[in-house]
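Take a look at the structure below.
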Amino acid sequence: MFIQTESTPNPATLKFLPGQSVLPTGTADFPSPENAGASPLATRLFAVEGVTGVFFGSDFVTVTKVDAAEWDHIKPALLGAIMEHFQSGLPVMKDGGTAPSGHSEHTGEDGEIVNQIKELLDTRVRPAVAQDGGDITFHGFDRGIVYLHMQGACAGCPSSTITLKMGIENLLRHYIPEVTEVRPVGV
């Protein structure tokens, strides 16, 4: 098994490509070791000293580290953990389930606007940020303000504010006049 790695715009996050499917659908975000119980692979990765976050996409794993840890020191242990997991035959997620992820539900009078926002995120934004090892999902819409949740490499990325304001906000405002601003939300 050969696992490729790619840097991301977030210097604290590295993207691992195992050359096979990680999650058949959706994404899974594990922002701390306490959230990793649903995934044997995430649990294994958090066992590597210095790991602070794990994120799964369809064909990639992103790992976030503490600033004090050097990639040269922890990358071999992470590659080993990923390789051991896939060779063990264990599932990525227990019981074939997936971690909660994706867009939040929205009920109310702005349903049509929210559907347009989700459609633009799914077709224009999420594929691009997946290339960088992350995901951005809809969290809420209130009086013209769109709240988005940033995951994986996008969470804590130095360029995420620029991506939100210059990229996503401009895109949504162009197509949906009711949108006035885009803001990130915490977990």
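Predicted model only: the values in this text are computed from it and were never measured.
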Do [X] and [Y] share a hydrophobic cluster, counting only Ile, Leu, Val, Met, Phe, Trp and Tyr and linking them when any side-chain heavy atoms are less than 4.5 Å apart?
{"X": "Met150", "Y": "Ile168", "answer": "yes"}
{"X": "Ile74", "Y": "Leu41", "answer": "yes"}
{"X": "Phe55", "Y": "Val125", "answer": "no"}

Rounded to the nearest 0.5 Å, what separation is found between the [atom1] atom of [X] and the [atom2] atom of [Y]?
{"X": "Leu171", "Y": "His174", "atom1": "CG", "atom2": "NE2", "answer": "8.0 Å"}
{"X": "Asn115", "Y": "Leu120", "atom1": "CG", "atom2": "CG", "answer": "11.5 Å"}
{"X": "Asn170", "Y": "Tyr175", "atom1": "CG", "atom2": "OH", "answer": "12.0 Å"}
{"X": "Glu84", "Y": "Leu90", "atom1": "CD", "atom2": "CG", "answer": "11.0 Å"}
{"X": "Phe60", "Y": "Gln4", "atom1": "CZ", "atom2": "CD", "answer": "14.0 Å"}
{"X": "Thr137", "Y": "Tyr147", "atom1": "OG1", "atom2": "OH", "answer": "15.0 Å"}

Can you name the nearest heavy-atom pair linking [X] to [Y], along with the distance?
{"X": "Ala69", "Y": "Gly50", "value": "CB-CA, 4.5 Å"}
{"X": "Arg126", "Y": "Asp122", "value": "NH1-OD1, 3.0 Å"}
{"X": "Met83", "Y": "Ile3", "value": "N-CD1, 3.8 Å"}
{"X": "Glu178", "Y": "Phe141", "value": "O-CZ, 4.1 Å"}
{"X": "Lys94", "Y": "Gly37", "value": "NZ-O, 3.1 Å"}
{"X": "Pro18", "Y": "Ile82", "value": "CB-CG2, 4.3 Å"}

Does the side chain of [X] reach to within under 4.5 Å of the side chain of [Y], using non-hydrogen atoms?
{"X": "Asp135", "Y": "Asp29", "answer": "no"}
{"X": "Leu45", "Y": "Leu78", "answer": "yes"}
{"X": "Leu148", "Y": "Leu121", "answer": "yes"}
{"X": "Val22", "Y": "Phe86", "answer": "yes"}
{"X": "Thr43", "Y": "Phe30", "answer": "no"}
{"X": "Val92", "Y": "His85", "answer": "yes"}
{"X": "Asn35", "Y": "Val54", "answer": "no"}
{"X": "Phe56", "Y": "Met93", "answer": "yes"}

Does Gln87 have more than 12 heavy atoms from other residues, nucleotides or ligands lying within 6.0 Å of its CD?
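Result for CD/Gln87: enclosed.
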If you count the non-hydrogen atoms of other residues, nucleotides and ligands that lie under 6.0 Å from CD in Glu49, is the total more than 12?
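Atom CD in Glu49 is not crowded, with 12 or fewer foreign heavy atoms closer than 6.0 Å.
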Not counting sequence neighbours, list each pair that qualifies as a side chain to side chain donor-acceptor pair (under 3.5 Å) and has a residue in residues 52-81.
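Output for this query lists Thr5-Lys75, Thr13-Thr64.
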Presence of salt bridge, Lys165 and Glu181, under 4.0 angstrom
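Salt bridge between Glu181 and Lys165, a charged N being under 4.0 Å from a carboxylate O: yes.
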Keeping Glu6 on the side-chain end and Lys15 on the backbone end, is there a donor-acceptor pair under 3.5 Å?
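No, because the side chain of Glu6 does not come within donor-acceptor range (under 3.5 Å) of the backbone of Lys15.
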